[in-house]
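I have placed the structure first, in the form of structure tokens, so that the comments after it can refer back to it.
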Number of protein chains: 2
Amino acid sequence: MKEKATSFDIAHIAGVSQSTVSRALNNSPLVNQETRDRVQRIARELNYKVDKNASNLRTQKSNTIALLLFEDPTSDDSMINPFFLSMLGSITRACANARYDLLVSFQNLDDDWHAEYEDSNKADGIILLGYGDYLSYRNKLSQLEEQGTHFVRWGAHDKEHPGVSIGCDNYQGGFDITEHLVKMGHRSFAFIGDAGSHAPEFMARHQGYVDALSKHGLWTEDTPQFDAISTEDSGFHAVQELLEQEALPDAIVCASDLIAMGVLKALRLSPYSVPEDVAVVGYDNIQVSGFTTPALTTVQQNTRLAGEILVNTLLKAIAKQEVHDYLMPAELIIRQSCGSDNS
Amino acid sequence: MKEKATSFDIAHIAGVSQSTVSRALNNSPLVNQETRDRVQRIARELNYKVDKNASNLRTQKSNTIALLLFEDPTSDDSMINPFFLSMLGSITRACANARYDLLVSFQNLDDDWHAEYEDSNKADGIILLGYGDYLSYRNKLSQLEEQGTHFVRWGAHDKEHPGVSIGCDNYQGGFDITEHLVKMGHRSFAFIGDAGSHAPEFMARHQGYVDALSKHGLWTEDTPQFDAISTEDSGFHAVQELLEQEALPDAIVCASDLIAMGVLKALRLSPYSVPEDVAVVGYDNIQVSGFTTPALTTVQQNTRLAGEILVNTLLKAIAKQEVHDYLMPAELIIRQSCGSDNS
DNA sequence: CTGAAAGCGCTTACAG
DNA sequence: CTGAAAGCGCTTACAG
């Protein structure tokens, strides 16, 4: 293993000072064209790469973004929610386009994550991604903000929360999909998904659902709701309960596609069929939702756009520009699981 | 935004030298228990974090691994192959367990990636992940090895290639799934997937397929094969060709699940049904494959284990321990798309 | 346009 | 057990 070349080695070979090498490599206009070309050629030949630790230390910035992916610690740890995996993909892409490196990290909500990356100068800013009990880390967000850490959060748009957030219109999504079910002729409903303040996204979807039902006079206090987290298992068990209580409604609204997968599975084992006996809808439009039988009606969040906006907003914040919350529209994806017009 | 505290600030407050602060923070046994506690308490109060750039520069290691994800540049850029996304998830997890940071980057095969990360001291080692034209970057791998860069590669096990590789037994997978089709009574076949040396994984799967057919006397030189890359579109178009030529075989073996998705889609639009008229099998066991109609028979690669082995092998290499190639067994996942025993 | 020099914030031999 | 000092490899005012 050869010793790694430094800028001094280049300087020696090129017969210039190390300062000039540094300038040439950074394409400084201060340096003679010819000198620059020579230095760059030698650097290429020696396979020289600027030491990032040294240059970052000197410039006090890292050209790196950290992505903190929160996981619901109760979810099946063998699988990441496909929706977030898809976000991860689009964020990676957006970072590459912006010539930033991306540091990815999984976090538990109770980890001491709040300052780690930017404080240690490994990253210039942080993207927070994940469902999960948002309230429980709210004070950490405040602390981040207090310290002047740059961060953007994917999630529920909420004026009371610190920092800037990019999210999808969960309320509208919940409203639209529910109203569609009403139009399809369904009259009794159940909601599967935690509707408490611990899960703001789910709560907003639920609120949209409730308001749509209310608008059509279909909402009652005893409309069943199950506090499921976003896993197949949660959905599966919720349906089992419904079946035991012999309280199967016309339509089941799931707070996520993953939950809906479990719901469909449970119904497949039951005497009831979808959508004839019961309609099922999900949320997220993960890839699988187009392939279930019947294909799942759901709400799409544009992950590609979301990744771009998250990254661009963060970069703006790092550049000390003004940034704003952004609420992306939710798009209804109608497939077969909600019944057809002539039902 | 407050100025970030340095070890000198801590030293000043604690009334000790900066060297002692550094030792205390690194839990050096050289420092008095009481002093250490005091220093650590102050550091916590000041929300102090060691500057990674400085410490990495000094120690010449980064506790960071870089993951280079190669993409087939011809594939649909709106979507990463779900199989690799799943690998990404398990690698992230494995890194977190090893207390390493993970730098993720997408690369085109023609980028000048080969040295970037480790040479610039941003990472201690590199994981290479992706299908793609392996031959085209073979000399880059040689170069990596020559420079003493630590790397492991996911992919085809091959003694002739530089560096250590972790992969799944593609040959055995291709063999097993084909033999299963033969057992199901299928007699004529087609293979969809590039079987050339540019795609070593696919080539190995194809070789297993050919050998299984040969073993049962079913292989002929004119058994159709299509040079598809791993996308739905490729599979879709290959089937269209088969239909135009009116050469639909008993069974279609796809080099990946993504290809199989396209095959199923094309057949759905045809008068033929799966598995009655034609069997279809895939490879990878991506999540969707369990939800298609009919559910897809495929070959599973254990991504979770793969991620762990990749990371652990790389860490060993970084620690100058001896490392070996590893060939993971392929597991047949039998579902409905291949027909049933009584066919 | 170029060079000599300072300094980013650490870690770690060296001396006590 | 502790401190003074060197040095990791850069970037960038400063002086010419």
Side-chain angles (χ1 to χ4, degrees), chain A residues 2-40 42-43 46-64 115-124, chain B residues 2-40 42-43 46-64 115-124:
Chain A
K2 291 174 272 183
E3 284 297 306
K4 222 157 263 184
T6 73
S7 53
F8 283 93
D9 299 326
I10 313 271
H12 184 73
I13 296 171
V16 294
S17 75
Q18 183 269 339
S19 333
T20 300
V21 170
S22 178
R23 288 194 194 96
L25 261 21
N26 288 303
N27 284 313
S28 160
L30 284 173
V31 67
N32 185 312
Q33 177 73 41
E34 193 197 338
T35 316
R36 168 164 36 182
D37 291 346
R38 185 156 39 92
V39 168
Q40 294 192 349
I42 295 171
L46 263 59
N47 230 309
Y48 169 81
K49 290 282 172 345
V50 171
D51 185 304
K52 291 290 184 192
N53 289 132
S55 67
N56 292 346
L57 173 59
R58 184 55 231 239
T59 58
Q60 298 291 74
K61 71 187 301 289
S62 63
N63 272 285
T64 299
E116 202 65 34
Y117 282 104
E118 187 165 340
D119 282 2
S120 64
N121 276 340
K122 285 205 75 162
D124 298 330
Chain B
K2 290 174 268 181
E3 285 298 307
K4 222 156 263 182
T6 72
S7 53
F8 283 94
D9 299 327
I10 314 271
H12 184 74
I13 296 171
V16 294
S17 75
Q18 182 267 339
S19 333
T20 300
V21 170
S22 178
R23 288 195 194 94
L25 260 22
N26 288 302
N27 285 312
S28 159
L30 284 173
V31 66
N32 185 313
Q33 175 73 40
E34 194 196 336
T35 315
R36 169 165 34 183
D37 292 345
R38 183 155 41 93
V39 168
Q40 294 193 347
I42 293 170
L46 261 59
N47 229 309
Y48 168 81
K49 290 281 169 352
V50 170
D51 185 303
K52 290 292 184 191
N53 290 133
S55 66
N56 292 346
L57 174 59
R58 184 56 232 238
T59 58
Q60 298 290 76
K61 72 187 303 286
S62 62
N63 271 288
T64 300
E116 202 65 34
Y117 283 104
E118 186 165 339
D119 282 3
S120 65
N121 276 340
K122 284 204 77 162
D124 299 329

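Side chains included, hydrogens not; waters and symmetry mates left out as well; all remaining heavy atoms used. So that the names make sense, note that chain A is the first sequence line, chain B the second, and so on, each numbered from 1.
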Establish, from distance only, whether the side-chain atoms of B/Gln40 and B/Asn27 form a donor-acceptor pair under 3.5 Å.
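Yes, side-chain donor-acceptor contact under 3.5 Å.
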Does a donor on one side chain and an acceptor on the other come within less than 3.5 Å for B/Ser62 and A/Lys52?
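No, because no side-chain N or O of B/Ser62 sits under 3.5 Å from a partner of the opposite role on A/Lys52.
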For DNA chain C, whose closest nucleotide is more 5', that of A/Gln18 or that of A/Arg36?
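Looking at the nearest nucleotide for each, A/Arg36 comes out on the 5' side.
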May I ask you to say what B/Ser19 touches in the nucleic acid, namely base, sugar-phosphate or nothing, with a heavy-atom cut-off under 4.0 Å?
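Base: the residue B/Ser19, judged by heavy atoms under 4.0 Å, touches a nucleobase.
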Would you mind classifying the nucleic acid contact of A/Thr59 as base, sugar-phosphate or nothing, using non-hydrogen atoms under 4.0 angstrom?
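Sugar-phosphate, no base atom in range.
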Rounding to the closest angstrom, what is the interatomic distance between D/dG9 and D/dA13 at atom P?
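That atom pair is separated by 23 Å.
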Considering only atom P, compute the distance from C/dA5 to C/dC1 and round it to an integer number of Å.
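Going atom to atom, P in each nucleotide, I get 24 Å.
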Which is more 5' along DNA chain D, the nucleotide nearest A/Thr6 or the one nearest B/Pro29? Just name the residue.
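Result: B/Pro29.
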Hey, which sits more toward the 5' end of DNA chain D by its nearest nucleotide, B/Asn32 or A/Ala54?
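Taking each residue's closest nucleotide, the earlier one in sequence belongs to B/Asn32.
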Please determine whether a side-chain nitrogen or oxygen atom of [X] lies at a distance below 4.0 Å from atom OP1 or OP2 of [N].
{"X": "B/Asn26", "N": "C/dT11", "answer": "yes"}
{"X": "A/Gln60", "N": "C/dG9", "answer": "yes"}
{"X": "A/Ser7", "N": "D/dG9", "answer": "no"}
{"X": "B/Ser55", "N": "C/dC10", "answer": "no"}

In whole Å, I'd like the distance from the [atom1] atom of [X] to the [atom2] atom of [N].
{"X": "A/Asp51", "N": "C/dC8", "atom1": "CG", "atom2": "P", "answer": "18 Å"}
{"X": "A/Asn27", "N": "C/dC1", "atom1": "CG", "atom2": "P", "answer": "14 Å"}
{"X": "B/Lys122", "N": "D/dG9", "atom1": "NZ", "atom2": "P", "answer": "18 Å"}
{"X": "B/Arg23", "N": "C/dC14", "atom1": "CZ", "atom2": "C1'", "answer": "10 Å"}
{"X": "A/Leu57", "N": "D/dC10", "atom1": "CG", "atom2": "P", "answer": "12 Å"}

Any side-chain heavy atom of B/Thr64 within less than 4.5 Å of one from B/Asn56?
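The answer is no, as the side chains (C-beta and beyond) never meet within the 4.5 Å cut-off.
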Pairwise side-chain contact, B/Val31 with B/Val16, heavy-atom cut-off 4.5 Å (strictly under):
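They are not in side-chain contact.
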Watson-Crick or G-U wobble partner for C/dA13, using a 3.5 Å limit on both distances?
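For C/dA13, the partner nucleotide comes out as none, under the 3.5 Å rule.
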Tell me which nucleotide, if any, is Watson-Crick or G-U wobble paired with D/dA4 when both distances must be under 3.5 Å.
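The base-pairing partner of D/dA4, which may sit in any strand shown, does not exist here.
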Output the single nucleotide from C/dG9, D/dC1, D/dA4 whose closest atom is nearest the side chain of B/Ser17.
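Nucleotide nearest to B/Ser17's side chain: D/dA4.
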Side chain of B/Thr20 only, please: which of C/dG9, D/dT2, C/dA4 is the nearest?
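Closest nucleotide to the B/Thr20 side chain: D/dT2.
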For the CD atom on B/Glu34, are there more than 12 heavy atoms of other groups (residues, nucleotides or ligands in this structure) within a distance under 6.0 Å?
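Atom CD in B/Glu34 is not crowded, with 12 or fewer foreign heavy atoms closer than 6.0 Å.
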Side chain of A/Arg58, base of C/dG9: donor and acceptor closer than 3.5 Å?
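Between C/dG9 and A/Arg58, which were checked side chain against base, a qualifying N/O pair under 3.5 Å is absent.
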